[in-house]
There are 2 protein chains.
Amino acid sequence: MPKEFVDFSRAPGGHDLLNDIEPASARRLAHAALDSFSSVGYGGTTTRIISERAGLSSGALYVSFKSKEEILFLCTRVSHESALGVLRAAAETPGSVMNRLRKMMYDFTLWHARNHAIARVAQYELAGLTPEHHELIAELRRQIESVMRSQIQLGVDQGEFDIEDQAGLTLAALSLAIDVCRWYSDGGRLSAERLADSYSGLVTRMLSSSRDGAPREGADALR
Amino acid sequence: MPKEFVDFSRAPGGHDLLNDIEPASARRLAHAALDSFSSVGYGGTTTRIISERAGLSSGALYVSFKSKEEILFLCTRVSHESALGVLRAAAETPGSVMNRLRKMMYDFTLWHARNHAIARVAQYELAGLTPEHHELIAELRRQIESVMRSQIQLGVDQGEFDIEDQAGLTLAALSLAIDVCRWYSDGGRLSAERLADSYSGLVTRMLSSSRDGAPREGADALR
DNA sequence: GTCTATAGGAAGATAGAC
DNA sequence: GTCTATCTTCCTATAGAC
């Protein structure tokens, strides 16, 4: 099967986003590359290391992929598509806007905890992409931001939220969830579910005003 | 002046953390290295590019530095020391704990916006450090977390904060500020000061319960 | 302290046997 | 489709002239 037909279209948002790649050699190569990218970076990873860890020779990599960058693009694209899919699905949650945003933050955070390795590559190795590939990813990123922003805007329009800077809140919520991929580790004290629950609670607080006239000695929030 | 005596001890937390490096050739090299590290990563940066951008030959780099890693360590260390210094200074703010935490979040966020390039290197290139250097940085990172956590703990002990997971809140506050270095750009719509103000307001909200009995249809916050 | 030159090896990618 | 062998380029770091 020539390299153009590597199948990675069925990324489900589940646990291993590269598991549907066919054939098996391409899948092993992608897994090996992702492991190395996420631990020592794209620039610190050699094609020889990737091949070796996949149990193949150095030349065999180029049967499945045109270049090292193509593997990076694969990881980055699959990651962004999966995260966007999860966020879009959560944006269909019925009920109040606040409830929907809680669900969106829960799922988006959970996704970044569970997929922290591929998410890290997707967030931190954008500079390694070709300009064409970079632009394709940038479009996915704009869509992610748009899904979150439009829900927050809806809450503001309905008078549900007590905030003055929708764009800032969008950024903060996304940032909090995305940064999970930087520090989260599988063996830590915090389960992905607890973290997602905690963060969805924080979003509730961020979208409501503080309890009463709590002392505000400094500058005010979100002007 | 031999390489052991490159002077970078006076990093002030101001605008250019590498500006006090002497002699000038080492300073130019460090600046050039930081530029490249922050845009294409440590692994994607070559010593030749660093030397060239500093206006020196490829061999001249090794007069000021033992290796490429030593420059990375310099950037990483200066960055962490400066951020820790800013946070420590803010932790001396008089008044209520809430007020103090607002100031800490303001300053820490402002620092990450103003120093986003060096902060990005410091956060994302830890894997490039030698084990010895990595451990030195890890100690600074523990101290940063400790300063933030102890203030939040103090607020809880005094009954000022309505939260149940101090460690989680510590993580969230630090994470929000640190992630600024990933997405912040100097030419953006948001000034560093406005962002810091916004984020210090968010911390206030995160540390207080929501306004009234706002509908909570899903899981509860911060169990 | 800066240069040129180069050692010595490793990088990405390709060719051709099987 | 995988291998070994190799092309060409580039890498980090050092040596030695000035």
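Within every chain, numbering begins at 1; the chains are lettered A, B, ... in the order of the sequence lines, protein sequences first and strands thereafter. Everything numeric here is computed off the predicted structure, so don't read it as measured data. Atoms considered below: every heavy atom in the structure, side chains included; atoms not considered: hydrogens, waters and symmetry mates.
- Here the P atom of nucleotide D:dA13 and the NZ atom of B:K66 are 10 Å apart, to the nearest Å.
- With hydrogens and angles disregarded, a donor-acceptor distance shorter than 3.5 Å links the side chain of A:T204 to the backbone of A:S200.
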Please table the atom pairs, donor to acceptor, closer than 3.5 Å between any side-chain atom in residues 128-138 of chain A and protein atoms at least two apart or in another chain.
{"unit_1": "A:T130", "atom_1": "OG1", "unit_2": "A:H133", "atom_2": "N", "d": "3.2"}
{"unit_1": "A:T130", "atom_1": "OG1", "unit_2": "A:H133", "atom_2": "ND1", "d": "3.4"}
{"unit_1": "A:H133", "atom_1": "ND1", "unit_2": "A:E69", "atom_2": "OE1", "d": "3.1"}
{"unit_1": "A:H133", "atom_1": "ND1", "unit_2": "A:E69", "atom_2": "OE2", "d": "2.7"}
{"unit_1": "A:H134", "atom_1": "ND1", "unit_2": "A:L126", "atom_2": "O", "d": "3.3"}
{"unit_1": "A:E135", "atom_1": "OE2", "unit_2": "A:R142", "atom_2": "NH2", "d": "2.8"}

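- Remark: B:S36 engages B:T45 in a side-chain hydrogen bond (donor to acceptor under 3.5 Å, both in side chains) (not counting sequence neighbours).
- Rounded to whole Å, atom P of D:dT4 lies 15 Å from atom CG of A:L61.
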Check: protein-nucleotides 2-5 of chain C nitrogen or oxygen pairs below 3.5 Å:
{"unit_1": "C:dT2", "atom_1": "OP2", "unit_2": "B:S25", "atom_2": "OG", "d": "3.4"}
{"unit_1": "C:dC3", "atom_1": "OP2", "unit_2": "B:S57", "atom_2": "N", "d": "2.6"}
{"unit_1": "C:dC3", "atom_1": "OP2", "unit_2": "B:S57", "atom_2": "OG", "d": "2.8"}

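- Atom P of nucleotide D:dT14 and atom CZ of B:F65 are separated by 15 Å, given to the nearest angstrom.
- Atom-to-atom, CD of A:E52 to P of C:dA10 comes out at 12 Å; the value is rounded to the nearest Å.
- Between A:R48 and A:E52 no salt bridge is recorded (no basic side-chain N to carboxylate O distance below 4.0 Å).
- The distance between atom NZ of A:K68 and atom P of C:dA10, rounded to the nearest whole Å, is 16 Å.
- A:Q143 places none of its side-chain heavy atoms less than 4.5 Å from the side chain of A:H80.
- Listed by first then second residue, pairs satisfying side-chain hydrogen bond (donor to acceptor under 3.5 Å, both in side chains) with a partner in residues 176-192 of chain B read A:Q123-B:R182, A:S175-B:D179, B:H116-B:D186, B:D179-B:R182, not counting sequence neighbours.
- An OP1 or OP2 oxygen of D:dA13 is reached within less than 4.0 angstrom by a side-chain nitrogen or oxygen of B:Y62.
- Rounded to an integer number of Å, the gap from CD1 of A:I50 to C1' of C:dA13 is 13 Å.
- For the segment residues 33-49 of chain A, residues with any heavy atom less than 4.0 angstrom from an atom of DNA chain D are, sorted by number, A:R48.
- When the options A:V203, A:T109, A:L202 are evaluated for a side chain to side chain contact (heavy atoms under 4.5 Å, CB included) with A:L176, the one that passes is A:L202.
- Remark: A:K103 pairs with A:D107 by the side-chain hydrogen bond (donor to acceptor under 3.5 Å, both in side chains) rule, at least two apart or across chains.
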